[in-house]
Number of protein chains: 2
Amino acid sequence: MGAKETRENIVEAADVLIYQRGYENTSFADIAGHVRISRGNFYYHFKTKDEILDAVIDERLTATKQILDTWEADAAGPADCVRSFIDILLDNRLDIENYGCPVGTLSTELAKLNHAVQPEANRLFTLFRTWLRRQFTELGSGEDADDLAMHLLARSQGVATLATAYRDEAFVRREVQAMYDWLDDRVLSAPGSIS
Amino acid sequence: MGAKETRENIVEAADVLIYQRGYENTSFADIAGHVRISRGNFYYHFKTKDEILDAVIDERLTATKQILDTWEADAAGPADCVRSFIDILLDNRLDIENYGCPVGTLSTELAKLNHAVQPEANRLFTLFRTWLRRQFTELGSGEDADDLAMHLLARSQGVATLATAYRDEAFVRREVQAMYDWLDDRVLSAPGSIS
DNA sequence: GTCTATAGACGGATAGAC
DNA sequence: GTCTATCCGTCTATAGAC
């Protein structure tokens, strides 16, 4: 097995474990165990735990960019793109109920830890934010586009948090529908309030 | 110093530290250091770390009940009560920017840890939920009261998460205003959609 | 002299780092 | 594979109130 492949396996395992258990509660031994390599081999690829976190964030950034590109390519228009974003809550419902949103929970944990790479992790939020902003701009929201993007980000984060607490599918579906309706208002009417 | 007072000091320090650093990242030594007692003394009052967590959650439940009662006593009516809830985001803005919402972040961390007391922690959410539901019932929302309570809970959780990521005061104020407007729609019009 | 509250040493386990 | 630090938890010792 090549070095590159081993490294990718490590990042992939770390990605999942950090999502499911949180960063601080994921140990080297956990990751090494999942990749089935020795801890010695481990240190050949990553010198510190923070380096792994960096690699995981980079990997998530790359994967997210690719997903957003795909959505944009497949969508009929900007409103359809936004619906793809809203649908995350349904498509990843079970993971979200168990572990929350991977973006929000990592950002919050790193904030509490006062971790140096928190700004890096927040770029994941910004990736969605600028992408959503572009969709709203194309929908004619003008100056409000960024506010609308932030509003929708917040809505989905809140639904994810409560989905984790209550594991209530009906609630998630209701809120997704409410976001659809909210979007339709933005599409059909003049740009304005975000209520 | 009496035993009761020492115990209260421990719970108080643990409450703050668990909020600021997270549960798993708060050690006995941290708490003992803040209370200025030895670790030995510590174990006289609490046998396990989970016992402290339990005590902290109980303390938060009691404190929250008291706050909700105060709000209800001071408010002009149910709409005013809901506004008090929304105002949490402004009143605790700086803490939220640094550490997130104490309810949501603890609930999410315990979910990831698969911790036995997660249901207990979620009772904090339920405390707000049933209280908000009562306000909406009094506002004439009928069957929708619980949905509206959950919706507002989710909105505030989402704003808290993004406030932690971006530390953007203008965003928080915008979203608070949007929730005010949303509430006014519920007060003035017939009960219906939550968009 | 017993009980309560406190202190601090000690143990095994596990962490990250080299 | 080893090293050091730190974790949680248990242990014994002690100081003072009653």
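Letters A, B, ... are given to chains in the order of the sequence lines, protein chains preceding strands, and every chain is numbered from 1.
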Contact list for residues 52-65 of chain B, test side chain to side chain donor-acceptor pair (under 3.5 Å), sequence neighbours left out:
D15(B)-R60(B)

According to ring pair (Phe, Tyr, Trp, His ring centres under 6.0 Å), who are the partners of Y43(B), at least two apart in sequence or on a separate chain?
F28(B)

Residues two or more places apart in sequence or in another chain: which of them pass ring pair (Phe, Tyr, Trp, His ring centres under 6.0 Å) with F125(A)?
none

Are Y99(A) and T108(B) linked by a side-chain donor-acceptor pair shorter than 3.5 Å?
no

Bracket string, DNA chain C, 5' to 3' - pairs by Watson-Crick or G-U geometry under 3.5 Å, | interstrand:
||||||||||.|||||||

Can you list the residues that meet the side chain to side chain donor-acceptor pair (under 3.5 Å) rule with S27(B), with sequence neighbours excluded?
D30(B)

Taking only distance into account, with no hydrogens and no angle test, what donor-acceptor pairs under 3.5 Å do side-chain atoms of residues 156-165 of chain A form with protein atoms, sequence neighbours excluded?
residue	atom	partner	partner atom	Å
S156(A)	OG	L153(A)	O	3.0
T161(A)	OG1	Q157(A)	O	3.1
T164(A)	OG1	I96(A)	O	2.8
T164(A)	OG1	A160(A)	O	2.9

Show every ring-ring contact (aromatic ring centres under 6.0 Å, His included) that has at least one partner inside residues 61-94 of chain B, sequence neighbours left out.
W71(B)-W131(B), F85(B)-F128(B)

N/O donor to acceptor pairs below 3.5 angstrom from side-chain atoms of residues 113-120 of chain A, sequence neighbours left out:
residue	atom	partner	partner atom	Å
H115(A)	ND1	V117(A)	N	3.1
H115(A)	NE2	D50(A)	OD1	3.1
E120(A)	OE2	R123(A)	NH1	3.1

Base contacts versus sugar-phosphate-only contacts with protein, heavy atoms under 4.0 Å: please encode nucleotides 8-18 of chain C as B, S and - from 5' to 3'.
B------SSBB

By salt bridge (Lys or Arg N to Asp or Glu O under 4.0 Å), E97(A) pairs with (sequence neighbours left out) R93(A)

Any residue meeting salt bridge (Lys or Arg N to Asp or Glu O under 4.0 Å) with E8(B), in chain and number order, not counting sequence neighbours:
none

Could you list all N or O pairs between the protein and nucleotides 2-4 of chain C that sit under 3.5 Å apart?
none

Whole angstrom value for the distance that separates P of dC11(D) from CZ of F42(B)
18 Å

In whole Å, I'd like the distance from the CG atom of L53(B) to the C1' atom of dC8(D).
15 Å

